[in-house]
2 protein chains.
Amino acid sequence: MRFDGPPPEPLASATGFLLSWNGRRTAEGFARALQEVGLSPPVFGVLTLIESHPGLTQKELVEGSLIDASSMVAVLDELEAEGLAERRVHDSDRRKRAVYLTSQGKRKLAKARAIATSFADELLAPLDEKEQETLRQLLRKLARVDEADAR
Amino acid sequence: MRFDGPPPEPLASATGFLLSWNGRRTAEGFARALQEVGLSPPVFGVLTLIESHPGLTQKELVEGSLIDASSMVAVLDELEAEGLAERRVHDSDRRKRAVYLTSQGKRKLAKARAIATSFADELLAPLDEKEQETLRQLLRKLARVDEADAR
DNA sequence: TATTGTTATACTCTATAACTATA
DNA sequence: TATAGTTATAGAGTATAACAATA
C-alpha cells in the first residue's frame with residue numbers, strides 16, 4: 001500500500017477509515033525505522049516486554065503480547081541467535097523457559113527505543129503538543145486501556 | 001494478532017503504538033463485519049471509488065486508491081464475477097477499461113456502507129460524540145487530508 | 001491426561017517482474 | 001518505443017495442527 005500522499009476521498013471523512021489508514025501508515029513507518037537496528041516490530045515489542053518483566057516464561061510472553069505461541073518461538077530464536085536474549089530452564093518446571101535480556105539486548109533496546117521515539121515525533125509533527133496529548137488520551141480511551149488498569 | 005483485551009503495557013502509553021494497535025484492530029473488525037455481505041475491505045474501497053467516479057479507467061482507480069495495479073486486476077475480476085461492476089472498453093483507446101457499477105453493485109455497496117457505519121458506531125462507543133469528532137479531526141490533520149484539499 | 005514449547009505446514013496479503021495488446 | 005492491463009511468481013507475516021518432553 002502507498003502512503004506518500006493523503007488518503008483518498010471520499011473514504012477519508014470516516015473515522016474508522018482514518019484509524020485504519022493512520023494505523024497502517026504508522027506501523028509501516030515504524031517497521032522501516034526499526035530496520036536501522038535490524039529489528040522488526042514484534043521483536044521490538046517482545047524485547048520491551050522482557051525488559052519490564054525479566055524471567056517471564058514463553059507462555060507468559062505470549063499472553064502479555066499480541067503474538068501467538070509459534071511466532072514467539074521464532075522471535076525468541078532470532079533474539080537468541082543475535083545474542084539479545086536467552087532462554088533458561090525454569091527452576092521448578094523443566095518444561096518452562098524463563099527469558100532474560102542480555103546486556104547486549106538492553107543496549108540494543110535502548111537504541112531502538114530512541115529510534116522509535118524520534119520516528120513518533122516526526123509522525124506527530126502535524127499536531128501541536130496539546131493536540132498530541134489529546135490524541136493520545138482519546139486513543140487510550142478507545143482502546144479501553146485505563147478501564148483495564150482499574151480492574 | 002489478538003484484540004480481545006486492551007493492548008499490553010508498557011507499550012500502551014506511546015501514541016505511535018496506540019495508533020498502530022487501534023488501526024489494526026479497526027481494520028480487522030471492519031474486515032470481519034464486511035464478510036457478512038461477502039466483501040473484503042479493498043473490494044469495498046474500490047466499490048466506493050467507482051460509485052463516486054463512474055467510468056474511471058483501471059489506471060485511475062489504482063492512482064485514486066491504495067491498491068497496486070496487479071491487485072486491482074484481482075479486485076475487478078472478483079467484482080465482475082459477482083456481477084457488481086463491469087469493465088467496458090474505452091471509446092478512444094482500446095487499451096483502457098472504463099469501470100462502472102451495476103445496479104446490483106450499487107445495492108451491495110449501500111448494504112456494505114450500512115454495515116460499515118454500524119461497525120464504526122460500535123467501535124467508537126467508548127467516546128462521546130464530541131470526543132469522536134475531536135478524534136476525527138485530529139486524525140484528518142495527522143493524515144494531512146485538509147492540506148491536500150487546499151492545494 | 002494436561003501443559004510447555006517446538007516443528008511443519010498452509011494460508012492470506014501484497015509486491016515484483018515478465019508478458020500481451022494496443023498506441 | 002511507451003502505456004494499459006494481465007499473468008505468474010515470490011515474499012512477508014501469521015495461523016493451525018501435529019509432535020516431543022515433562023508434569
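Residue numbers start from 1 in every chain, and the chains themselves are labelled A, B, ... in the order their sequence lines are given, proteins ahead of strands. Predicted model only: the values in this text are computed from it and were never measured. Side-chain atoms are counted along with the backbone in the values below, which use heavy atoms only and exclude waters and symmetry mates.
- Atom CH2 of W21(A) and atom CG of L139(B) lie 10.5 Å apart (nearest 0.5 Å).
- Using a 4.0 Å cut-off between charged side-chain N and carboxylate O, R95(B) and D93(B) make a salt bridge.
- Rounded to a whole Å, the CD atom of E60(B) is 9 Å from the P atom of dA4(D).
- Nearest to the side chain of K59(A), among dT6(C), dT16(D), dG5(C), sits dG5(C).
- Residue L138(B) holds its CG atom at 8.5 Å from CG of L142(B), rounded to the nearest 0.5 Å.
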I need a per-nucleotide contact map over nucleotides 17-23 of chain D, read 5' to 3'. Cutoff is protein heavy atoms under 4.0 Å; write B for the base, S for backbone only, - otherwise.
----BBS
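- By the salt bridge (charged side-chain N to carboxylate O under 4.0 Å, His left out) test, D77(B) is found to be paired with R87(B), residues two or more places apart in sequence or in another chain being considered.
- Residue M72(A) contributes atom CE, which lies 14 Å from atom C1' of dT6(C) at whole-angstrom precision.
- Put simply, CD on E28(A) is 15 Å from P on dA12(D), counting in whole angstrom units.
- A salt bridge (Lys or Arg N to Asp or Glu O under 4.0 Å) with E51(A) holds for exactly one of K106(A), K108(A), R113(A); it is R113(A).
- Residues from residues 15-27 of chain A lying near DNA chain D, meaning a heavy-atom separation below 4.0 Å, are absent.
- Salt bridge annotation for R136(A)-E133(A): present, with a cationic side-chain nitrogen under 4.0 angstrom from a carboxylate oxygen.
- Ring pair F44(A)/F30(A) is perpendicular by interplanar angle, where above 60° counts as perpendicular and below 30° as parallel.
- Atom-to-atom, CG of L76(A) to P of dT7(C) comes out at 12 Å; the value is rounded to the nearest Å.
- Remark: C1' of dG13(D) and CD of E78(A) are 13 Å apart, rounded to the nearest angstrom.
- The interatomic distance linking R88(B) (CZ) with dA4(D) (C1') rounds to 19 Å, in whole Å.
- For the atom pair NE2 (H53(A)) and CG (L49(A)), the distance works out to 6.0 Å, reported to the nearest 0.5 Å.
- Note: NE2 (H90(B)) to P (dA23(C)) measures 12 Å, nearest angstrom.
- Rounded to a whole Å, the CG atom of D77(B) is 12 Å from the P atom of dA8(D).
- Between E131(A) and K141(B) there is a salt bridge, since a side-chain N of the basic residue sits under 4.0 Å from a carboxylate O of the acidic one.
- For V73(B) and D68(A), each mapped to the nucleotide of DNA chain D holding its nearest heavy atom, the one lying further toward the 5' end belongs to V73(B).
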